Peer 1: 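Sending over a structure as structure tokens; questions will come in a sec.
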Amino acid sequence: MKNAELLSALSLYGVTDRLWLPHPFPAGDPCGAALLASAVEECITGGTTMIQLREKNVSPVDMLSIGKAVGDVCRAHNVPFIVDDDADAAILLKADGVHVGQHDTDAVEVRRRIGPGMILGVSVQTVEQAVRAQAAGADYLGTGAVFPTSTKDDAGAVSRECLAAVCAAVTIPVVAIGGIHEENIALLEGTGIAGAAVVSALFASPDIPAAARALSPACRSFNAVCTAGIRAEKERKDRAAVMQGMKAAVFDMDGTLLDSMPMWQHAAEQYLQSKLVKPEPDVWERTKSLDMKQTAAYFKQAYRISDSTDIIIEEIDNLIYDQYAHTLRLKDGARTFLEALHVRGIPMVLATSTDRRCAEACMKRSGLGGCFSQLLTCSELGTGKDRPDIYLEAQRCMGTAAADTVVFEDALYAGKTAAQAGFPVCAVYDESTAGNGDWLELRKLSACSCFSFRDMPV
């Protein structure tokens, strides 16, 4: 399904609930599959544009029976059919997609299971969750509960301001969910949503088609002015423009090419514990922008470590070297992207705050060392990325103008430094930046951004 088609389909999103069906179910329809399929058809007749089958407490056999009945109706009317939190059932039912919540199966795992062709929706309540969901491969988000609801006991309230912030933070469409009905739906105008996901206002109605028709005008209005597609297209064009103008590239390693930030976040803590010193809770925040010499100097002063700076650096290196030499993995799409640039003849420099020995070991293991004409380290230059020296030295090595030399960075402070020095910056997403607002700030100051190197045209 194309992005424009998905956006349109999210206008009025019906989420099933068999509790609102007449009970007990008929003898010939013991799990209510036929009744639910009939209710779904009434929803679609009234203007519902997408259906999610939500069934939390049924047997696998009943799930497939209910899903087949509902899926057949959706396919007959050319309406996307989504299964809630059951990738196995979705695959067996040949559904159009899967939707998962924050406490359901991990979105990354679901995307791996269903592949790139199926729709993935994720429920979120915060900007941080929204960013992480898009990075995990979500095609749309459900945000709520925007109004009080009895449908889900664990549905926390999401303010109008938070809903708008979620919409602005991502480039995929967002639907509001939770307690939405004809009398309050207009209150969601201007938030940026693509539509509304509705449960009881449809399935509890004595006249389901009429209820859908009553909700449709507002939903169509939301959909018509939703800018998610426009923002996604702008990001695509920004990436294309940066790549077209690029004559050389400077790559950070940790968090940009390498999925190493979780290891780094605990390295300082592990070193201090090896010295029988209790680290501060925020030791990572205090040291993350420092190079190795600066970190060692901080440890000496803050924790009264008696060893010399060189010995501290050596001991930290020994703790992390094995990870670089044997364990740490490249970020998604990094290998293909670097190899494509190398084939194009784009000169590249690796500019890292990591010790040379670790960086070389990692590049040797990955087989990508040959893509780079130079490896520059902050410790050897005697300055961190809070100063532009390493980028200017990389530029000098390649003989290109700053405006033609793209810097790929995941860290906000480093991206600021490069941008202020006149380098176009490509912001590369790392999960470590999602929770503190750094990713959103880095995106703002950068010429382009990507959640994965697979997003980059080559």
Side-chain angles (χ1 to χ4, degrees), residues 235 237-261 264 288-291 330-331 333-335 337-342 344-354 359 362-363 368-369 371-381 383-430 432-433 438-458:
E235 284 204 347
K237 289 181 177 179
D238 287 344
R239 288 192 287 265
V242 167
M243 291 298 293
Q244 184 176 7
M246 182 174 67
K247 295 181 180 177
V250 182
F251 283 88
D252 169 61
M253 187 171 70
D254 293 284
T256 299
L257 293 177
L258 202 61
D259 189 16
S260 56
M261 296 313 292
W264 272 107
K288 68 179 182 180
S289 64
L290 306 179
D291 62 27
L330 291 169
K331 299 283 280 288
R335 179 184 299 279
F337 185 59
L338 290 174
E339 290 175 344
L341 294 183
H342 187 58
R344 282 179 51 189
I346 300 293
M348 293 179 278
V349 167
L350 187 64
T352 178
S353 299
T354 299
C362 183
M363 287 298 104
L368 292 174
C371 291
F372 299 98
S373 60
Q374 295 284 341
L375 166 60
L376 301 178
T377 69
C378 288
S379 57
E380 290 173 341
L381 287 175
T383 180
K385 289 185 176 180
D386 52 344
R387 294 175 56 86
D389 303 51
I390 197 165
Y391 305 117
L392 296 172
E393 178 62 16
Q395 174 197 352
R396 187 194 66 78
C397 291
M398 294 183 288
T400 51
D404 301 325
T405 306
V406 180
V407 172
F408 292 81
E409 279 282 1
D410 71 296
L412 174 59
Y413 81 99
K416 281 183 178 178
T417 300
Q420 289 169 355
F423 294 89
V425 174
C426 176
V428 180
Y429 174 82
D430 189 79
S432 64
T433 66
D438 280 7
W439 168 246
L440 300 181
E441 290 301 313
L442 180 60
R443 261 179 39 186
K444 288 179 184 178
L445 65 86
S446 298
C448 71
S449 64
C450 65
F451 280 104
S452 164
F453 284 107
R454 297 188 189 280
D455 296 336
M456 299 300 294
V458 291

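The chain is numbered in sequence order, starting from 1. In this text, all values refer to a predicted model and were calculated from it rather than measured experimentally. Heavy atoms only: backbone and side chains are in, while hydrogens, waters and symmetry mates are out.
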Peer 1: Which distance, rounded to the nearest 0.5 Å, do you find between the CG of L392 and the CZ of F423?
Peer 2: 5.0 Å
Peer 1: I need the D389 CG to L381 CG distance, nearest 0.5 Å.
Peer 2: 7.0 Å
Peer 1: Parallel, tilted or perpendicular: which one describes the rings of Y429 and W439, with boundaries at 30° and 60°?
Peer 2: perpendicular
Peer 1: Can you confirm whether K288 sits close enough to M261 that some side-chain heavy atom of one is under 4.5 Å from a side-chain heavy atom of the other?
Peer 2: no
Peer 1: What is the distance from atom SG of C397 to atom CE of M348, rounded to the nearest 0.5 Å?
Peer 2: 14.5 Å
Peer 1: Passes salt bridge (Lys or Arg N to Asp or Glu O under 4.0 Å), K416 versus E441? Steps please.
Peer 2: CA-CA 9 Å; K416 281 183 178 178; E441 290 301 313; over 6 Å; no
Peer 1: Of all heavy-atom pairs between A394 and L376, which one has the smallest distance, and what is that distance?
Peer 2: N-CD1, 3.5 Å
Peer 1: If you compare all heavy atoms of D438 against all heavy atoms of L412, which two are closest, and at what distance to 0.1 Å?
Peer 2: OD1-CD2, 3.5 Å
Peer 1: For a quick test of reading the model, state the closest non-hydrogen atom pair linking A249 to I346 and the distance between them.
Peer 2: N-CG2, 4.2 Å
Peer 1: Can you tell me how far apart CE (M253) and OG (S260) are? Round to the nearest 0.5 Å.
Peer 2: 6.5 Å
Peer 1: Keeping K331 on the side-chain end and S452 on the backbone end, is there a donor-acceptor pair under 3.5 Å?
Peer 2: no
Peer 1: Looking at CG of L257 and CZ of R335, how far apart are the two atoms once the value is rounded to the nearest 0.5 Å?
Peer 2: 11.0 Å
Peer 1: So which atom in V425 and which in G415 form the shortest heavy-atom distance, rounded to 0.1 Å?
Peer 2: CG2-O, 3.7 Å
Peer 1: Side chains of D430 and D259: does their closest heavy-atom pair fall under 4.5 Å?
Peer 2: yes
Peer 1: Take C448 and M456 through the side chain to side chain contact (heavy atoms under 4.5 Å, CB included) test and state the conclusion after the steps.
Peer 2: CA-CA 10 Å; C448 71; M456 299 300 294; 4.2 Å; yes
Peer 1: Decide yes or no for I390 and T352: does some side-chain heavy atom of the first lie under 4.5 Å from some side-chain heavy atom of the second?
Peer 2: no
Peer 1: CE of M246 to SG of C426: how many Å apart, nearest 0.5 Å?
Peer 2: 9.0 Å
Peer 1: What pair of heavy atoms forms the shortest contact from V250 to Y391, and how long is it?
Peer 2: CG1-CD2, 4.2 Å
Peer 1: Do C378 and K385 have side-chain heavy atoms sitting under 4.5 Å apart?
Peer 2: yes
Peer 1: How close do M398 and P347 get, counting heavy atoms only, and between which atoms?
Peer 2: SD-O, 3.3 Å
Peer 1: Between T256 and D410, is there a side-chain donor-acceptor contact under 3.5 Å, judged purely by atom types and distance?
Peer 2: yes
Peer 1: Looking at side-chain heavy atoms only, is the closest gap between M243 and R344 below 4.5 Å?
Peer 2: yes
Peer 1: Counting distance only, does the side-chain N/O of T400 pair as donor-acceptor with the main-chain N or O of T405 below 3.5 Å?
Peer 2: no
Peer 1: Would a 4.5 Å heavy-atom cut-off, applied to side chains only, mark L350 and L368 as touching?
Peer 2: no
Peer 1: For F408, give me all partners under ring-ring contact (aromatic ring centres under 6.0 Å, His included), at least two apart in sequence or on another chain.
Peer 2: F251, F337
